[in-house]
Each structure stands twice: as structure tokens, then as C-alpha cells.
Amino acid sequence: MCGIAGIFHLSLKHDIDANLISRMNDKQIHRGPDAGDYFFDPGLALAHRRLSIIDLEGSPQPMMSSCQRAIIVFNGEIYNYKTLQNELKAKGYQFHTEGDTETILNAYLEWGEDCVHHLRGMFAFAIWDRQKECLFVARDRLGIKPFYFTLLEDGHFAFGSELKVLTEHPLFDKKLRDSTVEDYFTFGYVPEPYTIYQNAYKLRPGHCFTVKRGDKEIPISREYWDIPTDIEALSEQEVQEQMAERLKEAVDIRMVSDVPLGSFLSGGVDSSAVVALMSQLQTEPVNACSIGFDVKEFNETDYAKEVAKRYNADHRIDIVDQNDFDLVDKLAFLYDEPYADSSAMPTYRVCQLARQHVTVALSGDGADELFAGYGRYRLHGNEDKVRNMLPLGLRKPLFGPLGALYPKLDWAPKIFRGKTTFQSMALDTVEGYHNSMSILRQDERAKLFSSEFKQKLNGYSSIEVFNQYRSKLGKLDPIKTAQYLDMKTYLVGDILTKVDRASMAHSLEVRVPFLDHKFVEWGFNVPTSQNLVQGVGKKSLKQAMEPHLPHDVLYRKKMGFSVPLADWFRGPLKDRLYDGLLSQQMKNSGYFSQAQLNKLIDQHVKGVRDNSASLWTLMMFESFLRQRLTSSASNGA
């Protein structure tokens with residue numbers, strides 16, 4: 001696990017400023033504290049920060065191929081590298097190291113851009129081909145590892161593992177992209193392929209491209225892999241016979257390490273399944289790390305203890321104070337752009353705890369998206385049953401006015417919280433899911449944004465983030481549609497981003513067995529009828545894990561990794577809320593209606609309405625603006 005960076009001029013073969021690429025690389029030193037080095041060719045500089053995991057001394061980067069034609073900088077792990085090594089050795093390739101980096105180099109020399117099809121793992125890399133004078137870049141299939149890039153005004157293509165690498169360049173354009181502000185207040189993150197900045201991008205998962213000397217612009221990336229939408233439904237017998245063994249194999253290949261290895265253990269189904277299978281694959285106790293809160297309704301550690309005891313895990317628990325909000329300002333630095341998932345704080349803490357004992361940790365991320373574990377899938381399915389009974393022409397005039405007039409009853413039991421449901425019922429399946437999972441719905445964003453900013457948006461809506469995938473959704477049922485959309489957006493932009501930044505802040509590598517692409521290809525064929533049974537999500541996974549985990553761990557109500565935002569905003573963070581959201585900086589941004597900001601805060605503080613999700617999203621945006629202003633001032637911008 002590492003950090004990569006680079007600068008490549010599309011036309012000139014001049015020397016790249018060594019001090020500049022060094023400063024850019026140093027911005028991500030937390031990703032690789034063990035070593036750092038550089039490679040220079042005319043018009044090119046590659047940089048790397050290394051966190052040593054495999055072949056601790058023998059795989060320095062940037063790495064040059066034996067023939068000196070290709071040079072790579074690589075972030076991630078290739079789990080099938082030994083098999084690939086043997087295949088490439090049989091073709092005559094030489095290896096001088098014992099790690100996976102040289103395997104990618106030789107795979108590129110053998111198969112060119114198609115080398116990505118042979119790689120099983122998580123990765124983001126750039127390969128400089130001296131012979132062709134081109135730079136080939138690629139990102140893993142599910143987007144576990146990040147890759148940011150930009151084309152600067154002077155013709156330099158620059159890339160890095162984090163946005164702060166790019167913003168360090170003096171020519172980087174820090175103008176914000178208006179459409180991504182709309183996206184952020186819908187999703188709580190900025191979805192691929194854009195960033196909050198006008199001229200910076202994220203390489204999409206499962207995509208790659210080659211930029212050549214002589215190009216005038218960055219080419220459009222090509223998709224080399226996608227989640228299979230031609231569902232070949234597995235029988236219940238097939239699922240139950242294969243689930244545990246396939247997951248066990250995905251866990252097994254992620255346990256190769258030359259440094260201490262362990263697992264997160266939340267007490268939920270997914271991480272518990274990983275710990276259970278790890279314990280069957282090694283003789284020594286599993287290193288398991290858990291975070292709990294000193295408030296019962298937010299604390300899952302009793303369930304984690306139960307799993308740890310069953311498998312004799314070396315279990316470490318850190319109890320976090322319910323008022324642990326010291327990280328609020330640090331999040332803006334970690335994520336480099338607005339990011340509103342408050343579970344980033346406990347995730348940061350569990351990574352901090354894990355790094356005290358291990359360098360690699362396995363996690364249970366991805367299971368909810370793959371096997372329909374989120375409660376919103378059940379609600380979406382119920383809404384779609386009504387959609388199928390009534391044509392859109394009847395639903396719009398019936399449910400549209402109800403959605404507009406029905407009050408937002410956050411304090412009421414869920415059965416009475418009908419506003420979002422009525423709004424969604426007046427829409428098609430994709431639009432309805434977009435409305436249901438939005439942090440601020442379209443009508444709420446319309447009230448929040450200033451008239452001037454809405455004019456700038458010129459009719460743009462964040463539904464376009466989902467619309468780009470419509471052509472691939474035709475054969476999927478409503479639940480699979482929601483799962484596919486989440487795996488393309490929420491999983492990448494929220495969950496995996498959260499874990500990458502929180503873990504790398506502590507120089508911890510996190511591996512994700514549920515997102516092994518072979519397991520995903522198989523798992524997405526599990527029918528919805530087996531995943532969502534009588535309101536129980538992930539039923540197929542839970543049934544398969546019944547021989548391995550206690551019943552109350554498998555079938556208790558899902559808690560999630562949440563923090564008490566509503567209480568914070570009525571107590572210790574109240575002053576910060578008023579000071580930040582009503583600051584001159586927020587006013588000067590031009591994005592918001594000041595009256596609506598006041599209303600959201602007052603409603604929440606007085607207990608009239610729970611606006612905690614909206615307020616947190618706003619607070620994280622304000623924190624980003626303040627961080628950006630401070631950074632610009634320190635850089636003399």
C-alpha cells in the first residue's frame with residue numbers, strides 16, 4: 001500500500017522540477033512512510049511513497065523492467081502475482097524481486113493494456129513506456145484504490161493518490177465545479193469521475209487510459225470491467241453450497257503478508273464472517289480490533305466479544321467517548337474535498353487502534369451492496385411494487401401533490417414518514433431511488449441554494465449521476481438496480497474513500513475480501529429473492545454463515561457505524577454550528593440562502609425537526625472551504 005504521483009508533459013521533453021515533484025509526493029507521506037523515491041526522463045517525473053507489506057526490502061519503486069523499457073509506480077496489492085509470475089517466467093520473462101510490482105511490469109510488456117484483465121487485486125498504477133513515449137494508467141475494478149489526475153494549463157498531465165498531491169502544484173486551478181456542489185449535497189460526497197475542482201478528475205473504477213506524447217488532451221478512459229448485469233440466477237442450493245467456500249478463498253488470498261495482519265471486528269455480520277474464516281485459515285489467533293461508544297445504542301462491542309471468544313481471537317477494544325468530535329476539522333484535510341459520512345470518525349479511530357498492532361487489516365466492506373443488506377433496498381422494493389400497479393401517468397398526479405404537501409415528520413415512527421415515499425412514488429425506479437437515498441432531496445436543495453447559484457447550475461440535477469448508468473440497468477430488477485447504482489457510486493465515493501483515507505492516515509493497509517472481483521461476479525448472480533427475504537437483507541450470506549456465527553450476530557437489527565450527531569448539534573457543537581454555517585465565508589461563497597441556513601439550525605436546536613444529516617453535510621462543506629482558504633494562504637495563492 002503506497003502513494004503514487006507523477007508529472008508528464010504532453011509535448012515538451014524538458015526537465016521536471018525535482019523540488020516540485022518532491023513537495024507533491026511529500027503531501028502523501030502518510031501513505032508510505034517506509035521509503036520514497038523518484039524517476040526522471042525528459043518531460044517526465046514519477047514519484048512513490050512506500051508502505052512495505054510484501055518483499056520488504058526487494059521491491060523499490062519507481063521500478064524499471066529488466067529491459068529498461070517500462071517504469072511503474074503502483075499502489076495496491078496483486079493477490080495472484082505468484083501465479084502470474086510462473087506464467088510469465090514460462091514465456092521467458094526474468095524476475096529480480098519477490099513482490100507483485102515487477103509482475104505488473106512484465107504483464108504490461110506481454111499483454112499491453114490488456115494486462116489489467118490478468119490482475120486480481122486492488123490497484124492504481126502508472127506505467128511509463130519509453131519505447132512508445134506514453135503513460136498507461138489503470139484503476140482496479142471496484143475502485144478500492146484511488147487515482148486523481150489533471151491537465152494543467154501549461155500542458156503537464158499530473159496525477160496522485162490523493163487530491164492534495166495535485167493541489168500542491170502552483171498551476172493547479174482551484175476553481176470549484178458547480179455541478180459537484182449539487183452532487184455533494186445530494187450524496188454527501190463527490191461521485192466519480194469528477195472532483196470538487198473544475199479541472200481535476202478521478203479515474204473511474206474498472207477503467208484505464210493511455211496518454212501519449214503529442215496528445216492535446218487527456219483521452220477518454222475505457223472500461224475494461226463491469227459488474228455483470230446479465231444475471232445467471234443461482235439456485236438456492238448452489239448459493240448455500242458455494243457461498244462460504246468462495247468467500248473463504250477470497251479471504252485466503254488476502255492473508256499473504258510479510259508484516260503483522262489482522263481484521264476489523266464491528267460485531268456485525270460482515271466483519272464477523274471475515275474473522276470466522278480467517279481463524280480457519282491460520283493456526284495463531286486472529287488479531288481483531290473493535291471500536292465501541294460509551295452510549296449503549298451506539299455500541300456493538302458485546303457482539304464483537306461473542307465472535308472473538310468463539311474463535312479465540314486476540315481481541316482489542318477501544319471505547320470512544322460519545323463526544324469524540326475532535327476530528328471534525330481533521331476530516332477536511334484527510335478527504336481533500338467535501339465529505340459528509342460521519343462514520344469517518346469511528347473508522348479513523350478503529351484504524352488508529354489497528355495500526356498499533358498490525359500493518360494490514362481485512363474488512364467486511366462491500367457485503368451490504370453485494371447482497372442487499374441496507375434497509376433502503378427493502379423500502380425501494382416496496383415502492384416499486386406500487387409503481388408496477390399504477391402507470392406513471394396516474395402516479396405523478398396522485399403522489400406528486402402528496403409529496404409536496406405532506407409534512408416532514410422526522411420525529412414520528414417510520415410508518416408516518418411518508419413525504420419522501422410520496423415523492424419517490426411519483427418518479428420512475430431510478431429517480432425514486434435517487435430521491436429516497438438523497439441526504440437533501442431536490443426540494444430541500446432548492447430551498448438551501450441561493451437564487452444566484454441555481455442560475456449557475458442552469459437546470460443541472462444530481463440525477464445525472466445515476467442517469468449515466470441507465471443503459472446498463474435494463475435487465476435488472478429494482479433491487480439489483482439499486483445495488484448496481486450503489487456499487488458504482490456510494491460504495492466507491494463514500495465507503496471505499498472513507499476507509500482508504502482513514503487507514504492511510506495511519507499507514508494501515510486495508511483489504512476487502514467481499515470486493516474480490518471474482519466473488520462479486522459470482523455474488524451478483526444471487527437472486528434478490530434469496531438476498532431479501534421477508535424484510536431480512538443479506539439472507540443468503542447469513543444462511544451460509546449459520547455454521548460459523550452465533551444466531552444473534554447474524555439476525556439482530558443492523559446498527560451501522562454511527563455517531564450521535566443530533567445530540568452534538570443541540571449540545572457541544574451548537575456554537576460551532578452557528579459560527580461555521582453563518583460565517584462570512586459561507587455567505588461569501590454565494591451557494592446558500594442565508595434564511596434557510598438559519599431555519600435549518602433553529603429547527604434542529606429547538607427540537608422541532610431532526611436536521612442533523614443536513615447540518616453535518618453543511619458543516620463538512622464549511623470545513624472544506626475553511627481548509628481550502630487556509631491552504632491557499634499558506635501557499636501564497
Side-chain angles (χ1 to χ4, degrees), residues 143 175-198 200-202 204-205 335 337-341 369 374 376 379-380 383 400 403-404 408 419-421 423-473 478 481-498 589-593 596-597 600 611 613-622 624-625:
K175 181 182 178 183
L176 304 189
R177 182 186 293 270
D178 290 334
S179 62
T180 58
V181 176
E182 153 79 359
D183 293 342
Y184 167 73
F185 281 97
T186 302
F187 301 106
Y189 57 89
V190 178
E192 270 74 353
Y194 300 113
T195 71
I196 194 65
Y197 296 107
Q198 180 71 39
Y201 303 86
K202 303 160 185 164
R204 295 177 188 265
Y335 292 91
E337 60 181 351
Y339 179 81
D341 188 339
E369 291 82 1
Y374 295 127
R376 61 177 180 257
L379 297 173
H380 178 64
E383 289 174 1
K408 190 172 185 288
K419 186 176 184 69
T420 301
T421 299
Q423 288 177 331
S424 296
M425 293 307 306
L427 306 168
D428 68 21
T429 296
V430 173
E431 293 168 338
Y433 187 62
H434 172 263
N435 182 69
S436 297
M437 54 75 62
S438 296
I439 296 177
L440 286 96
R441 301 185 312 273
Q442 185 174 0
D443 60 314
E444 294 172 318
R445 298 193 303 277
K447 293 175 184 176
L448 176 66
F449 294 147
S450 67
S451 299
E452 294 78 12
F453 181 58
K454 283 184 281 191
Q455 287 181 345
K456 284 186 176 182
L457 287 174
N458 194 29
Y460 173 82
S461 167
S462 57
I463 186 60
E464 295 305 320
V465 174
F466 279 5
N467 283 342
Q468 64 185 313
Y469 300 109
R470 278 186 183 269
S471 63
K472 299 187 177 185
L473 302 175
T481 292
Q483 290 174 255
Y484 181 93
L485 290 170
D486 275 353
M487 292 181 81
K488 288 294 187 178
T489 57
Y490 177 71
L491 178 66
V492 187
D494 188 313
I495 302 298
L496 295 176
T497 297
K498 172 181 66 180
S589 74
Y591 294 120
F592 308 110
S593 160
Q596 185 64 13
L597 288 176
L600 287 171
N611 291 329
S614 301
L615 293 174
W616 181 259
T617 306
L618 281 159
M619 180 177 280
M620 290 299 98
F621 191 81
E622 185 274 333
F624 162 75
L625 290 180

Asker: Rounded to the nearest 0.5 Å, what's the gap from CZ on Phe466 to OG1 on Thr429? Could you check?
Answerer: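 Result: 12.5 Å between the selected atoms.
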
Asker: Run the ring pair (Phe, Tyr, Trp, His ring centres under 6.0 Å) test against Phe453 and tell me which residues pass, sequence neighbours left out.
Answerer: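 Ring pair (Phe, Tyr, Trp, His ring centres under 6.0 Å) check on Phe453 returns Phe449, Tyr591.
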
Asker: Do Ser438 and Glu444 make a side-chain contact, defined as non-hydrogen atoms from C-beta onward lying under 4.5 Å apart?
Answerer: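 No; the side chains remain at least 4.5 Å from each other.
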
Asker: Provide the closest heavy-atom pair for Gly143 versus Pro205 in the form atom of the first, atom of the second, distance.
Answerer: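 So the two residues come closest at N-CB, 3.4 Å.
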
Asker: Can you see which heavy atom on Phe621 is nearest to which on Pro338, and at what distance?
Answerer: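 Closest approach of Phe621 to Pro338, heavy atoms only: CD1-CG, 3.6 Å.
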
Asker: Has Thr195 got a side-chain atom pairing as donor or acceptor with Ala200's backbone, closer than 3.5 angstrom?
Answerer: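 Confirmed, Thr195 side chain pairs with Ala200 backbone.
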
Asker: If you draw the axis of the six-membered ring of Tyr490, does the NZ or CZ of Arg376 fall within 45° of it and under 6.0 Å from the ring centre?
Answerer: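 Because its charged atom sits under 6.0 Å from the ring centre and within 45° of the axis, Arg376 does stack over Tyr490.
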
Asker: Looking only at heavy atoms, which two atoms of Ser593 and Lys447 are closest? And how far apart?
Answerer: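 Minimum heavy-atom contact is CB-O, 3.6 Å.
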
Asker: Phe185 vs Phe592 aromatic rings, parallel, tilted or perpendicular, using cut-offs 30° and 60°?
Answerer: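 The rings of Phe185 and Phe592 stand perpendicular, inter-plane angle above 60°.
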
Asker: Considering only heavy atoms from C-beta outward, does the side chain of Val190 approach that of Asp183 to under 4.5 Å?
Answerer: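 No, every pair of side-chain atoms sits at 4.5 Å or beyond.
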
Asker: Less than 4.5 Å apart, side chain to side chain, heavy atoms only: is that true for Pro478 and Glu383?
Answerer: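 In short, these two side chains do not touch, never coming nearer than 4.5 Å.
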
Asker: To the closest 0.5 Å, what do you measure between CG (Leu491) and CG (Asp486)?
Answerer: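 Between atom CG of Leu491 and atom CG of Asp486 there are 8.0 Å.
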
Asker: Taking only residues two or more places apart in sequence, or in another chain, which ones meet Tyr194 in a ring pair (Phe, Tyr, Trp, His ring centres under 6.0 Å)?
Answerer: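 Ring pair (Phe, Tyr, Trp, His ring centres under 6.0 Å) check on Tyr194 returns nothing, list empty.
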
Asker: Do Leu625 and Ser589 come close enough that some side-chain heavy atom pair is under 4.5 Å?
Answerer: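 Yes, their side chains come closer than 4.5 Å.
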
Asker: Are more than 12 heavy atoms, taken from residues, nucleotides or ligands other than Gln198, located less than 6.0 Å from that residue's CD atom?
Answerer: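 For Gln198, atom CD is crowded (more than 12 foreign heavy atoms under 6.0 Å).
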
Asker: Answer whether the closest heavy-atom distance between the side chains of Phe187 and Ile439 falls below 4.5 Å.
Answerer: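 Phe187 does not reach Ile439 side chain to side chain.
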
Asker: Is it true that a side-chain atom of Arg441 and a backbone atom of Asn435 form a donor plus acceptor pair closer than 3.5 Å?
Answerer: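 No, because the side chain of Arg441 does not come within donor-acceptor range (under 3.5 Å) of the backbone of Asn435.
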
Asker: How close do Ser461 and Arg445 get, counting heavy atoms only, and between which atoms?
Answerer: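 So the two residues come closest at OG-NH2, 4.1 Å.
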
Asker: Looking at Tyr184 and Thr617, would you say the former's side chain and the latter's main chain have a donor-acceptor pair under 3.5 Å?
Answerer: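 Checked: pair present.
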
Asker: Under 3.5 Å, side chain of Tyr374 to main-chain N/O of Glu369, donor-acceptor pair present?
Answerer: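 Between the backbone of Glu369 and the side chain of Tyr374 there is no qualifying donor-acceptor contact (under 3.5 Å).
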
Asker: Hey, what do you get for NZ (Lys472) to OG1 (Thr481), rounding to the nearest 0.5 Å?
Answerer: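 Those atoms lie 13.5 Å apart.
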
Asker: So, taking the atom named CD in Glu337 and the one named CE in Met620, what distance separates them when rounded to the nearest 0.5 Å?
Answerer: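 Taking CD in Glu337 and CE in Met620, the distance rounds to 14.0 Å.
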
Asker: Is a donor on one side and an acceptor on the other found under 3.5 Å between the side chain of Lys498 and the backbone of Tyr339?
Answerer: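 A pair under 3.5 Å: no.
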
Asker: Checking side-chain contact (heavy atoms from CB on, under 4.5 Å) between Tyr189 and each of Thr497, Asp341, Thr489, which is the one that passes?
Answerer: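 Of the listed options, the one satisfying the test is Thr489.
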
Asker: Can you tell me how far CG of Leu448 sits from CD of Glu182, rounded to the nearest 0.5 angstrom?
Answerer: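 Reported to 0.5 Å precision, the distance equals 10.0 Å.
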
Asker: Within a strict 4.5 Å, meaning less than it, do heavy atoms of the Thr186 and His434 side chains meet?
Answerer: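 Answer yes - side chains close enough.
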
Asker: What closest approach, in Å, do Asp178 and Leu457 show between heavy atoms, and which atom pair accounts for it?
Answerer: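 Residues Asp178 and Leu457, closest heavy atoms: O-CD2, 3.6 Å.
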
Asker: Considering only residues two or more places apart or on different chains, which pairs with a residue in residues 449-459 satisfy salt bridge (charged side-chain N to carboxylate O under 4.0 Å, His left out)?
Answerer: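 Sorted pair list comes back empty.
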
Asker: Output the distance between atom CG (Leu600) and atom CG (Leu440), rounded to the nearest 0.5 Å.
Answerer: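 With rounding to 0.5 Å, CG (Leu600) is 7.5 Å from CG (Leu440).
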
Asker: Return the minimal non-hydrogen interatomic distance between His380 and Ala482, and the atom names on each side.
Answerer: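 Closest pair (atom of His380, atom of Ala482, distance): CD2-CB, 4.0 Å.
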
Asker: For the ring pair Tyr484 and Tyr433, is the centre-to-centre distance below 6.0 Å?
Answerer: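 No; Tyr433 has its ring centre 6.0 Å or more from that of Tyr484.
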
Asker: Counting N and O atoms only, with roles assigned by atom type, does the side chain of Asp428 sit under 3.5 Å from a partner on the main chain of Glu431, one being a donor and the other an acceptor?
Answerer: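 Side chain of Asp428 to backbone of Glu431, a donor-acceptor pair under 3.5 Å: yes, one is there.
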
Asker: Any sub-3.5 Å donor-acceptor pair from Gln468's side-chain atoms to Val465's backbone N or O?
Answerer: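 Side chain of Gln468 to backbone of Val465, a donor-acceptor pair under 3.5 Å: yes, one is there.
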
